[in-house]
There are 2 protein chains.
Amino acid sequence: MSLTSSEENYIKAIFQLQVKDGMVSTNEVAAVLQTSAASVTDMLKKLKTKKLLVYEKYKGFKLNGEGRKLALMVLRKHRLWETFLVKILHFNWDEVHEVAEQLEHIQSQQLIDHLDDFLGNPAFDPHGDPIPDATGKMPFQSQMNLNKFPFQINGEVTAVGSQSPDILSLLEHKKITIGARIKVLQRFAFDNSFEIQINNKEQAHISAQLAEQIYVKKL
Amino acid sequence: MSLTSSEENYIKAIFQLQVKDGMVSTNEVAAVLQTSAASVTDMLKKLKTKKLLVYEKYKGFKLNGEGRKLALMVLRKHRLWETFLVKILHFNWDEVHEVAEQLEHIQSQQLIDHLDDFLGNPAFDPHGDPIPDATGKMPFQSQMNLNKFPFQINGEVTAVGSQSPDILSLLEHKKITIGARIKVLQRFAFDNSFEIQINNKEQAHISAQLAEQIYVKKL
DNA sequence: ATCTTTTTTTAGATTTGTCTAAAATAAAAT
DNA sequence: ATTTTATTTTAGACAAATCTAAAAAAAGAT
Ligand SMILES: [Mn+2]
Ligand SMILES: [Mn+2]
Ligand SMILES: [Mn+2]
Ligand SMILES: [Mn+2]
C-alpha cells in the first residue's frame with residue numbers, strides 16, 4: 001500500500017485529531033491542512049476506497065487499524081527528520097517543521113531505517129513528541145498539560161503542542177525549552193494565566209492559550 | 001523562480017545531454033526520462049515560457065544561462081544527497097540513485113547549505129561526479145574515458161558514466177571501484193575489448209560497452 | 001525529385017488534486 | 001415545531017502532468 005504525499009498529509013492530520021477528539025469532522029481537517037471542506041470530502045472518499053478509514057457521510061470519520069498504522073509511519077518519518085535537522089544539521093527547533101513536512105514523503109524504507117540507526121534510535125523529537133518505532137509503537141511519556149500541573153512541584157518541559165513559528169519564537173523569548181525546569185507559582189482565575197519559574201531562575205507570565213501548548217512531567 | 005519536481009527532472013536531463021551533444025533532441029530526453037516524446041514537447045513549451053531554454057519547434061533546443069544555473073543546483077542537490085547516503089548512512093554506491101532522485105526535489109536553501117557543510121563541502125559524489133558549489137561552479141577533474149586511456153600507464157578510476165544498477169553490480173563483481181588503481185594491458189581490435197589490471201593484482205576483461213562508462217585519470 | 005521512414009508536434013483524453021458555488025443535511029435558536 | 005445557521009456534500013470547473021493516436025515536418029533512401 002503506497003500513498004501519495006497528499007494522502008500522507010491527510011492521514012497524519014486525521015490521526016492527530018482523532019487522538020484528541022475520537023471522531024473527526026471535515027472542517028477540523030480542512031482547518032489543519034488549510035484547504036477547503038470540499039477537498040477534504042474528496043479525499044475521504046478516496047481513503048475509504050483504499051480501506052484506511054471508517055466514514056459515512058455527514059456522520060464523521062476515523063482511521064481504521066491499517067490507516068493508523070500508516071499514519072504512525074508518516075509521524076515516524078516526520079519526527080526522525082526533525083531530529084536529524086536539529087541534532088545533525090544544527091537547525092533551530094522552530095525552523096524544522098516545514099522542511100520535515102517535505103522530507104516525510106520520501107519513499108524508502110531503507111532510508112528511514114538507516115536514518116533511525118544513525119540518530120541512535122531516538123525516542124523523542126526536538127519538540128518533545130514521541131517517535132514511533134519501526135513497528136509503530138510510541139514510547140510512553142507521563143506528561144501532562146501545563147494547565148493541569150500542580151502548584152509548587154518541580155517539573156520538566158517535555159513537549160510543545162504546536163510547531164507554529166509564532167508559538168516557538170514566543171517560547172524562545174521566554175527561555176522555555178524542551179528539558180527546562182519549571183514550577184507553577186500562581187494561577188490567576190481572571191484569565192487562567194500563570195506565573196511560573198523557569199530553571200529555578202527567571203519568572204514568566206504565561207497565558208492560558210500558551211499553557212495549553214506546553215506539556216510537562218513531574219520530576 | 002521555483003520549479004516543480006517534474007521541471008527539475010527535465011532541466012537536469014537536458015543539461016546532462018547538452019554537455020555531451022550541444023543541441024538536444026526530443027527523443028533523447030524522452031529516452032532518459034522514460035516518457036513519451038509528446039510529454040517532452042509539452043514540457044518544452046512550459047520551460048520556454050519560463051525562459052529557461054532556447055527552443056524552436058522541430059529545430060532542437062538547449063538551456064540558456066538561467067536554465068543551466070538551475071540545472072546545476074539540481075545536480076548539486078542530487079550529488080550532495082548521494083554523498084550523504086553513502087558516507088553517513090552507509091548505503092552502497094549502487095543503492096543511492098533512486099532515493100537521491102526524490103531527495104533532490106526538497107525545497108530548502110538552508111537544508112542544502114547545512115548538508116554541504118556537514119559533509120565537509122565534498123567535491124565529488126560517490127560515483128566520482130563533480131559536485132557544483134553554491135555558485136554553480138564545478139570542480140575540474142582531468143579524467144578521460146577508459147577507451148582513450150593509454151597503455152601501461154597507472155590510472156585511478158574517478159567516475160562512472162551511468163548509475164544503472166546493472167552496470168554498478170557488474171563493476172562490483174569485477175572489483176572496480178571509485179579510487180581503484182587501473183592499468184590497461186592490452187586491447188583487442190576484434191570487439192574493442194580490453195584486458196586491464198586492477199589495484200596491481202586482479203586482471204579483468206572489459207567490454208567496449210563497459211569501458212565507455214568508466215572514467216580514469218593519470219596518476 | 002520522389003518516396004519512405006523517423007522524428008516531432010498537435011489533438012484530445014485521463015488522473016490527481018484542487019477550487020467555488022449551490023444543494024443537502026444536521027445542529028442551534030427562537 | 002419552525003426557522004435560522006453551520007456543516008457537509010455534490011456539481012462542475014481548472015491546472016498539472018501524463019498518455020495514445022493522428023498529423024506535420026524533417027531526414028534518409030532510391
Ligand atoms: Mn507533509
Ligand atoms: Mn515535531
Ligand atoms: Mn528527480
Ligand atoms: Mn551520482
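Worth knowing before you read on, the calculation uses all heavy atoms, side chains too, and leaves out hydrogens, waters and symmetry mates.
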B/Phe61 and B/Tyr55 aromatic ring geometry - parallel, tilted or perpendicular at 30°/60° bounds: perpendicular

Among C/dT18, C/dT9, D/dT10, the nucleotide that comes nearest once only the side chain of A/Thr35 is considered: C/dT18

Distance in angstrom units between A/Met43 CE and D/dT9 P, rounded: 14 Å

Residue list, side-chain hydrogen bond (donor to acceptor under 3.5 Å, both in side chains) with B/His114, at least two apart or on another chain: none

Short side-chain N/O contact from A/Tyr55 to OP1 or OP2 of D/dT9, under 4.0 Å: yes

Crowding at NZ, B/Lys174 (>12 non-hydrogen neighbours, <6.0 Å): yes

Output field: ring centroids A/Phe194/A/Phe149 closer than 6.0 Å: no

Value in whole Å for how far the P atom of C/dT16 lies from NZ of A/Lys50: 9 Å

Spacing of B/Lys59 atom NZ relative to D/dA24 atom C1', expressed in whole Å: 13 Å

Sugar-phosphate only, base, or nothing, as touched by A/Phe61 at under 4.0 Å among non-hydrogen atoms: nothing

Proximal nucleotide (of D/dT9, D/dC19, C/dT8) relative to the B/Asp42 side chain: D/dC19

Any donor-acceptor N/O pair, B/Asn64 side chain to B/Lys51 backbone, under 3.5 Å: yes

Any A/Lys45 side-chain N or O less than 4.0 Å from OP1/OP2 of D/dT10: yes

Atom-to-atom span, CE of B/Met23 to C1' of D/dA26 - whole angstrom: 15 Å

Any donor-acceptor N/O pair, A/Asn145 side chain to A/Asn147 backbone, under 3.5 Å: yes

Length of the line joining B/Lys48:NZ and C/dT9:P, which is rounded to integer Å: 11 Å

Phosphate OP1/OP2 of D/dA6 contacted by A/Asn27 side-chain N/O (<4.0 Å): no

Contact under 4.0 Å: B/Tyr10 side-chain N or O vs D/dA16 OP1/OP2: no

Spatial distance of atom CD (A/Glu104) from atom CH2 (A/Trp81) [nearest 0.5 Å]: 11.5 Å

Donor-acceptor pair between A/Asp191 and A/Ser193 side chains, under 3.5 angstrom: yes

Nucleotide C/dT7, atom P - distance to CD of B/Glu28 in whole Å: 11 Å

Sugar-phosphate only, base, or nothing, as touched by B/Ser39 at under 4.0 Å among non-hydrogen atoms: base

Value in whole Å for how far the C1' atom of D/dT18 lies from CD of B/Gln34: 15 Å

Nearest-angstrom distance from the residue atom CG of B/Leu47 to P of C/dT9: 13 Å

Most 5' of B/Thr26 and A/Ser6 on DNA chain C, judged by nearest nucleotide: B/Thr26

Side chain of A/Ala38 (C-beta onward), nearest among D/dT18, C/dT20, D/dT8: C/dT20

Can you tabulate the close N/O pairs, meaning under 3.5 Å, that link protein atoms to atoms of nucleotides 23-25 of chain C?
{"unit_1": "C/dA24", "atom_1": "N3", "unit_2": "A/Tyr58", "atom_2": "OH", "d": "3.4"}

B/Ser36 side chain, from C-beta outward: closest of C/dT10, C/dA26, D/dT20: D/dT20

